[in-house]
Participant: 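Could you have a look at this structure, given as structure tokens, before my questions?
Within every chain, numbering begins at 1; the chains are lettered A, B, ... in the order of the sequence lines, protein sequences first and strands thereafter.
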Amino acid sequence: MKTTFIPIDYDYFDFEGRNYIKMIGRNKEGKRVCVIDSCPVYFWAVLKEGISKEKTKLLMEKVGKIKLDVKGRFTKVEKVELHDKKFLGKSVKALKIFATNYKDMHDIASELDFSEIEKRRGYDLGFITHYIIEKKLKPLQFYEIDGEEISESLEFGGIGKSLNVNFCIKLSSHKESKEIKFVPKVLAYDIEADDFKIGEGEIIMMSLFTDNVKKVITFKKTNEKPEYVEYVKDEKTLLEKFTEYVKKISPDFLVGYFSDGFDLPYLKSRAEKHKVKLALGLDESQPRFFKGALTTAKIQGIVHVDLLKFIQTAYSQYMQSETLSLNEVSKEFLGDEKKDFKFQHSSKIKEHEWEKYFEYNLHDSSLTYRLFEKFWPDMQEFTKIMQEPVFDVTRNGMSKNVEDFIIHNLERFDEIPEKRPTHDEIGDRRRQPPFEGAFVFEPTPGLYENLAVFDFTSSYGSVIVTFNLSKSTFLNKPEKNSYNIEALGKKVYFSKEPGFFPEMLKEIIKKRKQFKEELKKEDDPVKRARSNAFKLLANASYGYQSFFGGRYYCEEAGAATAAFARQSIKEAIGNIEKAGYKVIYSDTDSIAFLQGDKTQKQTTEFLSSLNEKLPGIMELELEGFFKRGIWVTKRTGDIGAKKKYALIDEKNRLKIRGFETVRRDWCKLAREIQNNVLRQVLNDGDEKASLDYLKKIVKKIKSREIPREEFVIKTQLKKPISEYKAISPHVIAAKKMQELEIPISAGTLIEFYIAETRESKKLVRDKVKLLQEKGEYNIEYYLKHQIIPAVENILQVFNINAEELIDGKKQKTLGDF
DNA sequence: ATATACACGGATCCCCTATTTCC
DNA sequence: GGAAATAGGGGATCCGTGTA
């Protein structure tokens, strides 16, 4: 039968010793389709240089005869072919060795200890990745397909019958079809349980949210039942009801927030307790859990998406939110937040509070659903670019994404894939000392007027492309016609013959530029997502080459990238100064300088003239013009602080970097005060308004007019309490939480304040109190350790001594006499 | 285990010396 | 008078969080 098909989820199974891929997706009418297919499995044996034809022929015969008994499974080499290929940019002869089953390739590869063979590669991609490369059936792309319908047949053990799909097809041919808009069926869910520890409490209720179903399922009966609530008998029937709804709604995506780590493991644990089968899969199977760094939960045929993980890798670095909680993320992206409901054990909830609890639960699913809608374009673009299943792409870190992109684009370069590093190799790489990184200019503290800021577009990426820096272009010995630079305490050389990694990166940067321009013309979510995905990919590429787990790790390339970048920025600084500007600051890829008597037009023209001289794809762009900027001294010593400055543009928009204002481990009050002072100072160009403001606020603090919430300090617990060598205030606060049986773990944001104590205590940690503890904020601590430090260095620029100002002593420093 | 290095700054840790306390 | 305890100064280290 012929139909259209968009693959959404990929899985595989073995049948009669062979591997088959099982794709679940839809046709353009929205029917659910399962497609079964197979592909040849093979790996590569790269031959040593200069092996004669006869020797190669003999070797091929020997390899072709390999038979193995792997744990009782008999297997053999099916076929051997000789190919001209590339490996790490070098032309090589390689044997393409075909096996019956993907799982056997590793064993066959280790059997190949012939002296003619230099390397064995391509057996560690995973069958799904191998299949997508081999048959070019990419996720979230529409195809016109043809094949035999096996929905009712007994083929492959009756797979067609056992699956809850409209059609099951054994693929015979496929062709990429033109783009058709795909709107997935999405079901968001959220559970509420009596205990935060997985499986230790009852699941009191759970909510489901999709376009036409908005429900809370619960066994808690109340006097008045809101229409969206559905009663069940008990927890066991709640679980059964959930399974039933998932089956009925049959979503493409089941979406939760932190559901890999909480909701789904919880459901599993409770289902086990009640001996209920959580048959969520299209084949009635239960979710499978994979333990990695973080547990992931997979459902057969339905893509389980944990939004938290995706937001973490794809968005967190550009977000304002201090945490990635559902509440804060919703606030930032949806302008909506969680309903107000304070967690308490169900036995303590009063009759009239239940309705609020139900609403709260339903609203969480609603937020999750809307967040999915918001991020769907991004997930779609990521998936299309990396060409890996949505399930993986939404969980992978950026290094894996970069690597997937490389792996799926190697064929164009005729490249054999490099292997994953071994455990020992990873160990060696990790033991390498860090190499020299970016250049940061030491600023002279002061208030400056009329500034311009330039920066390099995709700085590190452009450097990698321009100087061809990668594992495959790295030269072990000096070569005359090469790119070279001092790095790692020696001179490193890179070929001028374009390597596949820089070439790929060149395309990424080009596309990023193109999409960014399209976006400027017309803003739409898909374009924005596409532009963002390429930006992230370009940015992560530098880190990837220095990441110990990468297949294409190359320390020399990483160190050389940083070295060339330093060289470029220093040259640019030199040229800007030569043109008569005064450079104030520079960090990695940006330069701030005074325009002096030059006009913005002159500066823009100067930028163009600079760009004409830059090598390769290196390019400077204008980041902006600013009417004022402030740089301060370090707290220790009187040299200028790096990575700490504030700018204001003509429209009075602030750009604050590094100051306490942007740091979540400072109390809100100190941050607010600093922000106000910065704004006033940059607005007016003097300190007068700030002095009045400060005096007033200090008075308020001293007379305890300020609510305690303003003094809360938030610090993240980064590891288990027992691993801390230094017992800092937040560790004490965490211990207190533990005593109150509030669940904490690595990653929990600890909130506390510093309180007055009866006896004077020397250590700050002895004054730590949790919000729920009674107490008063410690006036001396907050003035001395939060308020003064936050404004001291700013006021110092105007020769004002903050400490004296706040203590109410004399107001000018000695410098004024 | 899951991109890199550079940087700030608070708080504690730890060693040293001087002073106090104790017998 | 001499040993042990304590205080406090200051650099080293730990730690979290930023910038790019």
Side-chain angles (χ1 to χ4, degrees), chain A residues 292-294 309 312-313 317 322 395-403 420-421 423 426-427 429-430 432-443 455-456 458-461 464 536-553 555 557-559 561-563 565-566 569 585-591 623 632-637 639-645 655-666 670 713-719 723-732 749-750 754 762-768 781 784-786 789-790 792-793:
Chain A
L294 291 163
K309 185 67 199 160
Q312 220 165 33
T313 35
Q317 68 178 120
E322 277 165 22
R395 283 170 178 81
N396 288 340
M398 273 323 280
S399 72
K400 186 68 169 59
N401 284 331
V402 172
E403 194 158 282
R420 274 201 295 262
H423 186 76
I426 290 178
R429 292 172 181 187
R430 296 190 76 174
Q432 292 300 315
F435 54 80
E436 190 182 344
F439 166 73
V440 189
F441 189 100
E442 187 192 301
D455 57 20
F456 279 105
S458 296
S459 167
Y460 282 130
I464 292 171
L536 285 165
L537 207 53
N539 287 349
S541 295
Y542 158 66
Y544 173 74
Q545 295 205 88
S546 317
F547 165 55
F548 53 75
R551 290 172 191 258
Y552 293 100
Y553 170 88
E555 199 196 10
T561 306
R566 287 195 300 275
I569 196 96
Y585 183 62
S586 163
D587 184 350
T588 313
D589 60 0
S590 71
I591 305 169
E623 138 84 32
V632 301
T633 56
K634 290 212 280 183
R635 294 268 297 145
T636 49
I639 59 162
K642 297 170 176 179
K643 301 196 184 282
K644 226 178 158 181
Y645 63 91
K655 185 176 170 179
I656 301 179
R657 292 291 118 99
F659 273 110
E660 285 75 3
T661 292
V662 301
R663 298 179 62 92
R664 70 171 177 198
D665 55 350
W666 281 67
I713 296 167
K714 298 176 188 176
T715 315
Q716 200 184 17
L717 201 64
K718 293 289 227 186
K719 51 191 175 192
E723 283 175 30
Y724 278 89
K725 285 181 193 159
I727 309 304
S728 45
H730 81 293
V731 177
I732 292 294
L749 195 66
I750 310 291
I754 305 303
K762 214 175 73 184
L763 294 175
V764 179
R765 65 174 174 218
D766 296 328
K767 300 175 211 161
V768 164
Y781 173 83
K784 232 174 128 182
H785 292 92
Q786 295 263 319
E792 195 167 37
N793 298 328

Participant: Can you tell me if Lys784(A) has over 12 outside heavy atoms packed within less than 6.0 Å of its NZ?
Facilitator: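 Open.
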Participant: What are the bounds, 5' to 3', of the part of DNA chain B that sits under 4.0 Å from heavy atoms of chain A?
Facilitator: dA1(B) to dC13(B)
Participant: Starting from the C-alpha separation in whole Å, work towards a yes-or-no answer on side chain to side chain contact (heavy atoms under 4.5 Å, CB included) for Tyr724(A) and Leu717(A).
Facilitator: CA-CA 10 Å; Tyr724(A) 278 89; Leu717(A) 201 64; 3.8 Å; yes
Participant: Quick check on DNA chain B: between Phe439(A) and Tyr544(A), whose nearest nucleotide comes earlier from the 5' end?
Facilitator: Tyr544(A)
Participant: In whole angstrom, what separates Glu723(A)'s CD from dT13(C)'s P?
Facilitator: 21 Å
Participant: Can a donor-acceptor pair be found between the side chains of Glu403(A) and Tyr544(A) at a distance below 3.5 Å?
Facilitator: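 Yes, Tyr544(A) and Glu403(A) have a side-chain donor paired with an acceptor closer than 3.5 Å.
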Participant: Which part of the nucleic acid, if any, lies within reach of Gly549(A) when heavy atoms closer than 4.0 Å are counted: base, sugar-phosphate only, or nothing?
Facilitator: nothing
Participant: Please work out if Gly437(A) contacts a base, only the sugar-phosphate, or nothing of the nucleic acid, heavy-atom cut-off 4.0 Å.
Facilitator: sugar-phosphate
Participant: Assess whether a salt bridge exists between Lys642(A) and Asp587(A), defined as any Lys/Arg side-chain N lying under 4.0 Å from an Asp/Glu carboxylate O.
Facilitator: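 Not counted as a salt bridge, because no side-chain N and carboxylate O are separated by less than 4.0 Å.
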Participant: Run the side chain to side chain contact (heavy atoms under 4.5 Å, CB included) test against Phe548(A) and tell me which residues pass, sequence neighbours left out.
Facilitator: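 For Phe548(A), the residues satisfying side chain to side chain contact (heavy atoms under 4.5 Å, CB included) (neighbours in sequence not counted) are Ile426(A), Arg429(A), Arg430(A).
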Participant: Return the value, rounded to whole Å, for the distance between atom NZ of Lys718(A) and atom P of dT17(C).
Facilitator: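 Going from NZ in Lys718(A) over to P in dT17(C) covers 5 Å.
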Participant: Which part of the nucleic acid, if any, lies within reach of Phe548(A) when heavy atoms closer than 4.0 Å are counted: base, sugar-phosphate only, or nothing?
Facilitator: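 The residue Phe548(A) makes base contact.
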Participant: Under 4.0 Å from OP1 or OP2 of dT17(C): is there any side-chain N or O of Arg664(A) that close?
Facilitator: yes
Participant: Is there a donor-acceptor contact under 3.5 Å from the side chain of Arg664(A) to the main chain of Glu322(A)?
Facilitator: yes
Participant: Are Val440(A) and Tyr585(A) side-chain neighbours, meaning at least one heavy-atom pair lies under 4.5 Å?
Facilitator: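 SC-SC contact between Val440(A) and Tyr585(A) confirmed.
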Participant: Within the structure shown, what part of the strands sits under 4.0 Å from Ala438(A) by heavy-atom distance: base, sugar-phosphate, or nothing?
Facilitator: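 Sugar-phosphate, no base atom in range.
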Participant: Starting from the C-alpha separation in whole Å, work towards a yes-or-no answer on side chain to side chain contact (heavy atoms under 4.5 Å, CB included) for Tyr460(A) and Thr588(A).
Facilitator: CA-CA 9 Å; Tyr460(A) 282 130; Thr588(A) 313; 3.6 Å; yes
Participant: Regarding Phe441(A), tell me which of base, sugar-phosphate or nothing describes its non-hydrogen contacts under 4.0 Å with the strands shown.
Facilitator: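 Nothing, no heavy atom under 4.0 Å.
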Participant: Considering only heavy atoms and no angle criterion, is a donor-acceptor pair shorter than 3.5 Å present between the side chain of Arg657(A) and the base of dT19(C)?
Facilitator: no
Participant: I want to verify a distance call: between dG16(C), dT19(C), dC14(C), whose nearest atom is closest to the Ala726(A) side chain?
Facilitator: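 When the side chain of Ala726(A) is considered, dC14(C) is the closest of dG16(C), dT19(C), dC14(C).
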Participant: Name the orientation class of the two ring planes belonging to Tyr781(A) and His785(A) (parallel below 30°, tilted from 30 to 60°, perpendicular beyond 60°).
Facilitator: parallel
Participant: How close or far is atom P of dT19(C) from atom CD of Glu660(A), stated in whole angstroms?
Facilitator: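 Spelled out: CD on Glu660(A) to P on dT19(C) is 12 Å.
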Participant: Quick one: label Tyr645(A) by what it contacts on the DNA or RNA (base, sugar-phosphate, nothing), any heavy atom closer than 4.0 Å.
Facilitator: sugar-phosphate
Participant: Can you tell me if Arg566(A) uses its side chain to pair, donor with acceptor, with the backbone of Gly437(A) under 3.5 Å?
Facilitator: yes
Participant: Using whole Å, report how far CZ of Arg635(A) lies from P of dT17(C).
Facilitator: 19 Å
Participant: Using heavy atoms to find the nearest nucleotide of DNA chain B for Ile754(A) and Lys642(A) separately, return the residue whose nucleotide is more 5′.
Facilitator: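 Mapping each residue to its closest nucleotide by heavy atoms, the 5'-most match is Lys642(A).
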Participant: At under 4.0 Å between heavy atoms, what does Glu436(A) touch on the DNA or RNA strands: base, sugar-phosphate, or nothing?
Facilitator: sugar-phosphate
Participant: Output one line per pair: protein atom, nucleotide atom from nucleotides 4-10 of chain C, and distance, for all N/O pairs under 3.5 Å.
Facilitator:
none

